[in-house]
Structures are given as C-alpha cells and as structure tokens.
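Below: one structure, written as structure tokens.
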Protein chains: 2
Amino acid sequence: MGNITIRELAQRLGLSIATVSKALKDSYEISDATKKKIVSLANELNYSPNPYASSLRKQQSKTIAVVLPEVADSFFSLAINGIQEVALAKGYHVLFYLSHESFELEKKAINHCNNGRVDGVLISVSSETRDTAHISSLRSKNIPVVFFDRELEGYAAPKVVTNDYECGELAAKHLLDKGCRFPVFLSTSDALAICQNRFSGFANEINKIRNEIATYPFIINCSNDKNIYDQIASILEKFPAIDGIVASVEKLAIQTLLVCADQNIPIPDRIKVLAFSTLETAPLLNPSLTTISQPAFDIGKHSAETLITMIEKKKHSITNDYKAVLPSALNIRKSTQ
Amino acid sequence: MGNITIRELAQRLGLSIATVSKALKDSYEISDATKKKIVSLANELNYSPNPYASSLRKQQSKTIAVVLPEVADSFFSLAINGIQEVALAKGYHVLFYLSHESFELEKKAINHCNNGRVDGVLISVSSETRDTAHISSLRSKNIPVVFFDRELEGYAAPKVVTNDYECGELAAKHLLDKGCRFPVFLSTSDALAICQNRFSGFANEINKIRNEIATYPFIINCSNDKNIYDQIASILEKFPAIDGIVASVEKLAIQTLLVCADQNIPIPDRIKVLAFSTLETAPLLNPSLTTISQPAFDIGKHSAETLITMIEKKKHSITNDYKAVLPSALNIRKSTQ
DNA sequence: TTGTACGCGTTATCAC
DNA sequence: GTGATAACGCGTACAA
C-alpha cells in the first residue's frame, strides 16, 4: 500500500529509475555523489525493495520450502534449527509445510512449490508416501529437491540421512546383550526407508540367533496415527513373551512408555525399551531412556547446504546419487539395563 | 525457466491472455465451451500460476510470517501446528523466522516483512526484546501484527495469550499448599509480559504470608541462554533454603531437573518443582512433573485466525485492544507431592 | 463472449 | 554517469 518504491525515490531526487536501481546495488556505473544521495534518502524513507517484483524479474525467489511430517517432534524441530541457520546465513527465506503423515497433504504442499514460489525443496516424506510422481513433477520444472532423514528408496535425488542399517544392528545387539530373547521392532510405515533400513539391520542381528527363538513378530507396523497407544497395548497383550522393544520413531517411544506406565509393566525388568530419538528429556524419564540419537541439527544443516549448493551452482556439483550419511550414537540408559 | 505461463496457454489455443486468465478464475464472462478447453489444457500441461506475478499485481501475498524464539520447544511446536492448520484452511503460506531469543535476529526477521513479502505477522517476542520500533514500522506500512503468548506489555496490538497472572497465583498456592516455605520463581526475562504476569500472580500469593517467610529471592532471572544449567546450580547452592521452584518456561524446567538429578537433590522431598510447560513427557519423568500447561495449539490457531481476519477485513473487525485469553490448566503430578 | 492495453516494482540492456 | 525502455507473469478496466 503506502509502500515506498524505487520510482518514488527517483522522482523525489529528480533521477531516473534506472539510476536509483543501480545505485542501490552499488553499481560502479554510478558516481559516489549520487549514490550517497540515493542511499541516504532510501534509508530515511525506510525503503525496502519489493521481493516479489524482484523475484519476477530475476526468476528466482531466494526462498526454499521445507516439507515434513511434523514439527512437534524433537528430531524435526532440531533439524529445522539447522535448516534455518543455513538459510539465514545464505539469505534464503523458509516456507514450511506440514504433511502430518498424510500423502494428500504432502502432495498439496509440493504442488505449491511448482510455480516459481521456491528455488528448491527440502523434504522428509510422510509415512503414507509411496508414489513419487509429485516429486518428479518438481524435477521436471528444474526445481532441485533434497531428501533429509526420511528419503524415498529408489528415487534418485540427493539425500542426507543417518546410518540407519548399522543403528538397527546396534539396537538389536544391545538388546540381545542385555538378555532379551524376544525383542520386537515397532515400525511406523513399511514404505519408509528409515524404517526398512533400521529394521533390516535389526533383523540381521536377530536372525543370527533365530533358531534359539520361538516364532513371534519381529516387526509390527503402527501405521494409523490415531490410536498408536491402543495398537501398542494390544500387541503387548497378544505377545506376552515380548521382552524388548525398539521404537523406530519418537512418537512410538512415548506411546510405548505410556502404555507400560499405565499397565504397570516394569521397564527394564519385564521389557527393555530402546528408542530412535533425540528427546531432550530422555535422561530424565522414569526410567531414563536408552536412545539412538540422530545428529538432527547437522542433518538439517547439511541438507540445506546441499540444496542451496544445487540451487546456486545449478546442480553440476551435486549429483542425484549424492548421499551424505551422518552417524547416530547409542546412549545407554536405564531402560535397557 | 521451462515454466508454463498463461501466455503460452493462450497461444496454444489461439486465445487472448485475458480470456485464459478469466477462464481459469471461472469468470462468468467466459463461455463454458472455452472454459473447458482452457482448463483441460491447463491441467494437461500442469499449469500453475506464478504466485509472485499475482502478488505483485494484486498487492497481496497470501503469505504470513511467524517470528518466534525457538521451535525446539513443545509450546511453540504445538502452536505452529495450530497456525499451520488455519493457514492451510485459508490458503495462506507460512514463512518462519527464528529469533533464538536474540533481539537483533528478531529485528532482522521483521525487516524482511516490511516490503510486501507478507500480508501479516504473528510474533512471540524474544526475551531480549524491549524496544518496539521494529514492530511499529510494520504498522506504519499497514501490515497487521498479532502477538501470541509472548506479547509486549504496553504495545497496542491484538494479542492471544493465556491467563498468566492467575496461573502464577495457582502455582504459588499449590506449592504453599504442599508445604513449601521458600518457593522461588525462575524467570527468563524481566521484560517479557508472560514472566511479569506469572510472577506478579506468584508474588501476590507469596506476599499474603510473607511475614512468615525469611528474606530470600522470590524471582531469579536466568537471562543468558548459554549457561542456564550453571546459573540454576549456583542458585541452589547459594540459597539452600529453597524448597520450591516455579519454572516459567520449558527450557528452565528441563535444566532444573537436570541439575537436581546430577546433584542428587530429591524431588519432591527436598525441592518441589512446577513448570509452565506442555511437555508431552511430563507424566513420564522421574518424578512425573507437575505442570501448568498452556493451550498451545489453540493459541496458535486463534492467533492465526485473528491475523487473517485483520488481513481480510482490513482491521475494522479487530481493534488494537483485542486480547484473547485462553486458560491454562494445572496438572498435579509427583514433583510437587 | 472475447480481446487490447496497461500497470504492479524490479532488473537489465542499450543508448546517450 | 545517467536515462529510456523492455521484459518478468498476471489481473483488470475498457473496448470491441
């Protein structure tokens, strides 16, 4: 509205629009004297260039989109911090879209990115996501995409992840070491690469001693977001032999602990619990929670750096098979003693 | 780039740009026949209008900014969910800026909003914020601002908050009830209205019985973000009489619990702890944590609704003295038994 | 019912 | 060193 424009500056100073524009960008073509006049008036009037006019002209928005399932989750909120740090440093703005684990919402979000609104997209896919057409459509418009954490197996794009397979092994080993005979892996989706990989590592270890172990479910999918609590409760009832749980994501961990608390299932005495999580309160829980903690901040940071490199270098530097693997750490606490 | 434009659609169909534009908006001026042709081609080519061109022309961006101190905090992450829900429903995009409790970063963020980039701003101020000039500058450009949770006392703008004063009273009453003689209030900033109000209520209760109580610090500011842990540790050392703590924000609560755990200070036996917090793990902590939990989601939701109402109704409906107060709840758990 | 033409605020090219 | 002017893609008076 009452916004001050470059044209107005020009008129007030009796100069041309072009001169003002150049002066504000400190072009060598403009004399120091007029530069000074222009800049000082601009400051005085608190002039700020209209970003959308500029975007339209330059065909770039200096904006990236971040599409993720949830923000009320310690992993994602830390990752966001990393993303924001890079964005701030490089002069990018950040648009957020939450999928809430819904494929439809994710598609909708991606479609908002298809028209010049953003220069690139950072995505951690929903647990429902199987199809990749929506993401391919970004590529067809030359909008770079980087996956972080929750990638899409088989889709060729740069990815920043953690060493999920090894951590799955580590989790299983730890539980077996601590005497578990019937550990089970709680998955949040059979399509997510992070779950698949974490489980593969887990299963690999379990299989080494499988003949010792009776048949019971190694993996259980808690897909429907609504009643995770009930699902976990019924699992524990149905398979009383279960003496170890690996929660593949934070939400499953918290619900597991709630179920055990409500049903007076002693941890670690009857069931040992290990969670993939960056929960800050893990050491304060009752009992303190053994976790495999991802380098969330660094994953966010590195993925944003990767994306911006692609945007600015026009993808020559980073290829679609680029994959950064940042290691997680096992933090042993009382829930698995 | 290879982006498909309205002009291209027009050329392919041998129509004018105006016709296409109108048809895509389902204008009554265009015949059904040509509408159909246009829409089907648009779909086929996956046409999506350039939002920045549209913003420029319409002088509105359908975008709001959210400026807040932190996202790795359960209150803010839940509030974000509320904001996003409304934004999605009303067709707005959301740009996030984190201040990390820094006034400079907050100013920088606000300055990005000063030029047509956003139609309105939702803000929860940093703990360093005292000056209001940066926010006034938004108003001078007719960009509506709504405060949520962390408002600025004395600055006339719509606000969505919780009943901080009453909750401060409630906190004090509860601790006194449970036998505390020397409860202390941990504040994160002496300038934040939420801290002032929570403390005022707290102090009001304490003062009722003040003559019974020796002199000790009723309120302590943990301002510097870096070493909150150390600050709390030294407070507890310096004032061993302290037998109750009210943590005014989540970060202070967690650090308090960590200090007590490390120093083997038994909760609630030696010190009772109550936190303003929406921590999902509060019931799972050791001991479970008594909280005053804010309606974070609803605060986010209502503030976004308020902002969008102002944007669309051009402020006639909502005045600067608008203030919505959503009540918090006391959840009594073991940390204060 | 459709088309012409202009402007939103910038940037970039080219002429002076 | 400075100034016209043409885009960028869209929306909308106003003609036709």
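Residue numbers begin at 1 in each chain, while the letters A, B, ... track the order of the sequences.
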For this session: Tell me, with the steps shown, if B:S137 and B:N114 meet side chain to side chain donor-acceptor pair (under 3.5 Å).
Result: CA-CA 8 Å; B:S137 85; B:N114 237 323; 3.0 Å; yes
Problem set entry | Heavy-atom donor-acceptor pair, A:S124 side chain to A:R150 backbone, under 3.5 Å | yes
Exercise. Does OP1 or OP2 of C:dG9 have a side-chain N or O of A:T5 closer than 4.0 Å?
Worked result: no
Exercise. In whole angstroms, how far is the P atom of D:dC8 from the CZ atom of B:R57?
Worked result: 17 Å
Exercise. Taking only side-chain nitrogens and oxygens of A:Q59, does any of them come within less than 4.0 Å of OP1 or OP2 of C:dT11?
Worked result: no
For this session: For A:Q60 and D:dC8, give me the distance from atom CD to atom P, rounded to whole Å.
Result: 16 Å
Exercise. Taking the side chain from A:S21 and the backbone from A:I17, do they hold a donor-acceptor pair closer than 3.5 Å?
Worked result: no
Exercise. Rounding to a whole Å, what distance do you find between B:L56:CG and C:dC6:C1'?
Worked result: 13 Å
N/O donor-acceptor pairs under 3.5 Å from side chains in residues 83-95 of chain B, not counting sequence neighbours:
from  : atom 1 : to     : atom 2 : distance (Å)
B:Q84 : NE2    : A:F96  : O      : 3.1
B:Y92 : OH     : B:E312 : OE2    : 2.9
B:H93 : ND1    : A:Y97  : OH     : 2.6
B:H93 : NE2    : A:R117 : NH2    : 3.1

Exercise. Would you call the rings of A:H134 and A:F103 parallel, tilted or perpendicular if under 30° counts as parallel and over 60° as perpendicular?
Worked result: perpendicular
Problem set entry | A:S189 side chain vs A:S127 backbone, donor-acceptor pair below 3.5 Å | yes
For this session: Would you jot down, in residue-number order, the residues of residues 41-55 of chain B having a non-hydrogen atom under 4.0 Å from DNA chain D?
Result: B:Y47, B:P49, B:N50, B:A53, B:S54
Seminar exercise, completed: Here the distance between atom C1' of D:dG3 and atom CD1 of A:I38, to the nearest Å, is 12 Å
Exercise. Any donor and acceptor pair, going by atom type alone, linking the side chain of B:K159 with main-chain N or O of B:E153 inside 3.5 Å?
Worked result: no
Exercise. To the nearest angstrom, how far is B:L15 atom CG from C:dT4 atom P?
Worked result: 11 Å
Problem set entry | Proximity to DNA chain D (any heavy atom under 4.0 Å), residues of residues 17-36 of chain A only | A:A18, A:T19, A:K22, A:Y28, A:E29, A:I30, A:S31, A:T34
Problem set entry | Heavy-atom donor-acceptor pair, B:S27 side chain to B:A23 backbone, under 3.5 Å | no
Exercise. Tell me: NZ of B:K58 to C1' of D:dC8, nearest whole Å?
Worked result: 18 Å
Seminar exercise, completed: Rounded to whole Å, the CG-P distance (B:L13 to C:dT1) equals 18 Å
For this session: Kindly say whether A:N50 contributes a backbone atom to a donor-acceptor pair with the side chain of B:N115 at under 3.5 angstrom?
Result: no
Exercise. Given atom CZ of A:R117 and atom P of D:dG9, what is their separation to the nearest angstrom?
Worked result: 16 Å
